[in-house]
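Just below is one structure, and these are the notes that go with it.
Side chains are part of it too, since the values below use all heavy atoms of this structure and drop only hydrogens, waters and symmetry mates.
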Amino acid sequence: EKIELTTKGYFGSLFGKHICPNCSIIFKLKRTKVYFLWIFLSIIFVVFSSLFIINFVTNKEVLDITYMVYLGILFFVYCFIDRKIENSLPTKAI
């Protein structure tokens, strides 16, 4: 059965366990090497882009606000993309 991972389900399953809304079976997503590569590249991107913003874009007076807004935007973009990727992952019953 195909189940869409909603935003509520995505944030509600911090440890990766999901519950089927139709039959109440608990299942996990099978993470692939490509998925872990996506996580790794995302972390590298965040670190280097954050350093770029700190060093080249902001001045000391607005550093805190700009940096926090930037990290907030990156968090929501990452969560949206990650949820879309997880919707295409195969599942396994636990």
### Query
Who pairs with I44 by side-chain contact (heavy atoms from CB on, under 4.5 Å), at least two apart in sequence or on another chain?
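Testing I44 for side-chain contact (heavy atoms from CB on, under 4.5 Å), a comparison that skips the adjacent residues, returns F40, F48.
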By side-chain contact (heavy atoms from CB on, under 4.5 Å), I73 pairs with (sequence neighbours left out) V69, V77
Treating Ile, Leu, Val, Met, Phe, Trp and Tyr as nodes and any side-chain heavy-atom pair under 4.5 angstrom as an edge, say whether F45 and V34 lie in one connected cluster. no
Applying side-chain hydrogen bond (donor to acceptor under 3.5 Å, both in side chains) to Y35 and not counting sequence neighbours gives D82, E86
Taken to the nearest 0.5 Å, the spacing of I81 CD1 from F76 CZ works out to 14.0 Å
Working note: Y78 + I39, criterion side chain to side chain contact (heavy atoms under 4.5 Å, CB included); need CA distance, chi angles, decisive distance, verdict. CA-CA 9 Å; Y78 171 79; I39 298 282; 2.6 Å; yes
